[in-house]
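All remarks here apply to the structure that follows.
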Amino acid sequence: MVRNTAGGQDPRWATQPEFWREVFDHLGAGLAVLDSTGRIIAVNPAAEELLGRTASAMTGEDFHGLLHRHADGATVLDERCRLLMALTHRIAARGEKDSFLNADGRLIPVTWFSAPLTRNGHVLGMTVLFAGEATDRETAEGLAAHVIALEDLAGRLALATEIATALAQTLDTEEAVARLGRLLVPRLADWAAIDLRTDEGVRRVAVVGPEGRDVDQEAWRGPLPAVDEHSRSSLIQVLHGGEPVLLGPTEIATPPDSPLAAVQTGFLQALGAASAVIVPLGTARRVTGALTLVRTDAARPFDATEVSLIGDIGRRVGLAIDNTLRFGRQREIAEAMQRNLLIALPQPGRLRLAARYQPAPAGSQVGGDWYDAFLLRDGATALVIGDVIGHDLAAAAGMAQLHGMLRALAWDRTEPPSAIIDRLDEAVPAITNVPLATVLLARVEGPANGPWQLRWTNAGHPPPLLVTPDGRAEYLEQGQSLLLGTGLADVSRPDATVPLPPGSTLLLYTDGLIEVPGTDLDTGLARLRRHAAALACHPLDDFCNQILARMPPGNTDDIALLALRIPTTPSPAHPNTRTELEQNPSVSEVSAG
């Protein structure tokens, strides 16, 4: 087994199912596992031998009713029965000089201990550990100590599993660090400090202490001095991939030999540390940082077993945090790619366009949402909204590929939107790695002075919303077809047309605007229609801002939206006369939300 410098052993062997099978089978005392109703699920060989009953004969039987009886065979049911009370109320308890009924009708003297089995705060059942002939106090106390040791080991292993589970549920580094601190303090330590390696050096990103006191240590957070390659400091050795280190009062009081060591020593002494453990975050081949745990009670120092456990926690935490850091870098690249494609929109004559892009909240995966608008050869204005399936850098890269291809195909020749999307769908598998994508392509057609109409095709995307000045809002459900990437090339895509009334607003959007965890799609669509109708007469920029502001909390996806506003009045007859809007065209706006 792998040993650390504190004399402990790598505890991963104890997390394997085979280990617990061995413990169960070879435990010297009888052990029964009960379900939530008190019925026997399993017993170990020692229990079979002690009670003279086979496991198959006891499985499914009520533990108390089968074994806890008087000499005449009557069940012990009075209110003084400690075992019945422990099983009924699912509490830890012990009984000395008690007895269980053997298969041959004899009462076997036993000492027993009960404890609830819990998971995530819920009681799943009970365990009862018992030994025969435990009539003297020394034997009973020895059995109790054995139970406590097993419970302590199980609790520590459960903590390691709980930490791994909690960190796996977030992709945000700050949230991962916060969760870690809440799990470690005060269950395992009085104080915890977390240091992470960065491109600039080492940074202390968290100091967590007793509730209400961690804010007192704000000064210890921030960049740390440079790592001195020749320092013998425990923190520096750990950051270089060294083994976990256990520090007692003598080591804590050792004079520092480098600026970083001085910071660590000052930190430990300021807390009044009596015992400390420093472990690497990650593996020896890739150290993400270091975890320092501190206890201030001299009567409760860390021991070698705990050092092994904390070392295993550090390994798991390091891998989890490394994943969050990798995701953060990937997210930054994806967002930069998206923003570089969200160019300024054209302002075609008296038509007005506005757009918004709101990235997913921190900790959520970035998607492949995009919008576009550009002038076509024949003077029509093209509107595009799309979403590449997936939430990672590949989705963002696929979005960039589709964006460029669609622009080129739309400019290449004048044809209906459906024909352009058909050609795009044929090219996608040959030219890109995009698995599936939704896209809506529309043409705003009409003479320079209006009236205008919308011609569009919809490849699996949420329907556009048309809002008129009188507050009517209608989803344009026509023109629906399969999304891109299905491989069904023989399916012909339809086009749809609709007139665009004066003063109306056309809203194109991605599904992040209508999909909120905990609600269904119909609810999201109804919410958007209600808000859009209420904002029908608002200026276009305010319309877009308010649509985003009225989103309910809990959204975890990117949002892209593109809005078109039709003029409310006909164009002046004289060709040299321009409206105020034409004289001062508004620059389309892209917002981070």
Query raised in the report: Between Arg413 and Asp378, does a salt bridge (Lys or Arg N to Asp or Glu O under 4.0 Å) hold up when you go through it step by step?
Result: CA-CA 9 Å; Arg413 65 186 74 162; Asp378 61 353; over 6 Å; no
Any donor-acceptor pair under 3.5 Å linking the side chain of [X] with the backbone of [Y]?
{"X": "Trp456", "Y": "Gln478", "result": "yes"}
{"X": "Thr510", "Y": "Ala560", "result": "yes"}
{"X": "Thr438", "Y": "Leu483", "result": "no"}
{"X": "Arg377", "Y": "Trp411", "result": "yes"}
{"X": "Arg423", "Y": "Leu409", "result": "yes"}
{"X": "Gln347", "Y": "Leu353", "result": "yes"}

Query raised in the report: Tyr509 pairs by side-chain contact (heavy atoms from CB on, under 4.5 Å) with which of Leu528, Asp369, Asp387, Ile385?
Result: Leu528
**Report entry** salt bridge (charged side-chain N to carboxylate O under 4.0 Å, His left out) contacts touching residues 471-488 (sequence neighbours left out)
**Finding:** Asp470-Arg472
**Report entry** Sequence neighbours excluded, every pair satisfying salt bridge (charged side-chain N to carboxylate O under 4.0 Å, His left out) that has a member inside residues 492-520
**Finding:** Asp422-Arg493, Asp425-Arg493
**Report entry** salt bridge (Lys or Arg N to Asp or Glu O under 4.0 Å) assessment of Asp195 paired with Arg203
**Finding:** CA-CA 5 Å; Asp195 305 325; Arg203 185 178 187 86; over 6 Å; no
Requested in this report: Go through the steps for Arg565 and Asp541 under the test salt bridge (Lys or Arg N to Asp or Glu O under 4.0 Å), then give the verdict.
Outcome: CA-CA 10 Å; Arg565 175 67 53 84; Asp541 285 339; over 6 Å; no
Query raised in the report: Out of curiosity, Arg197 CZ to Leu224 CG, how far, rounded to the nearest 0.5 Å?
Result: 11.0 Å
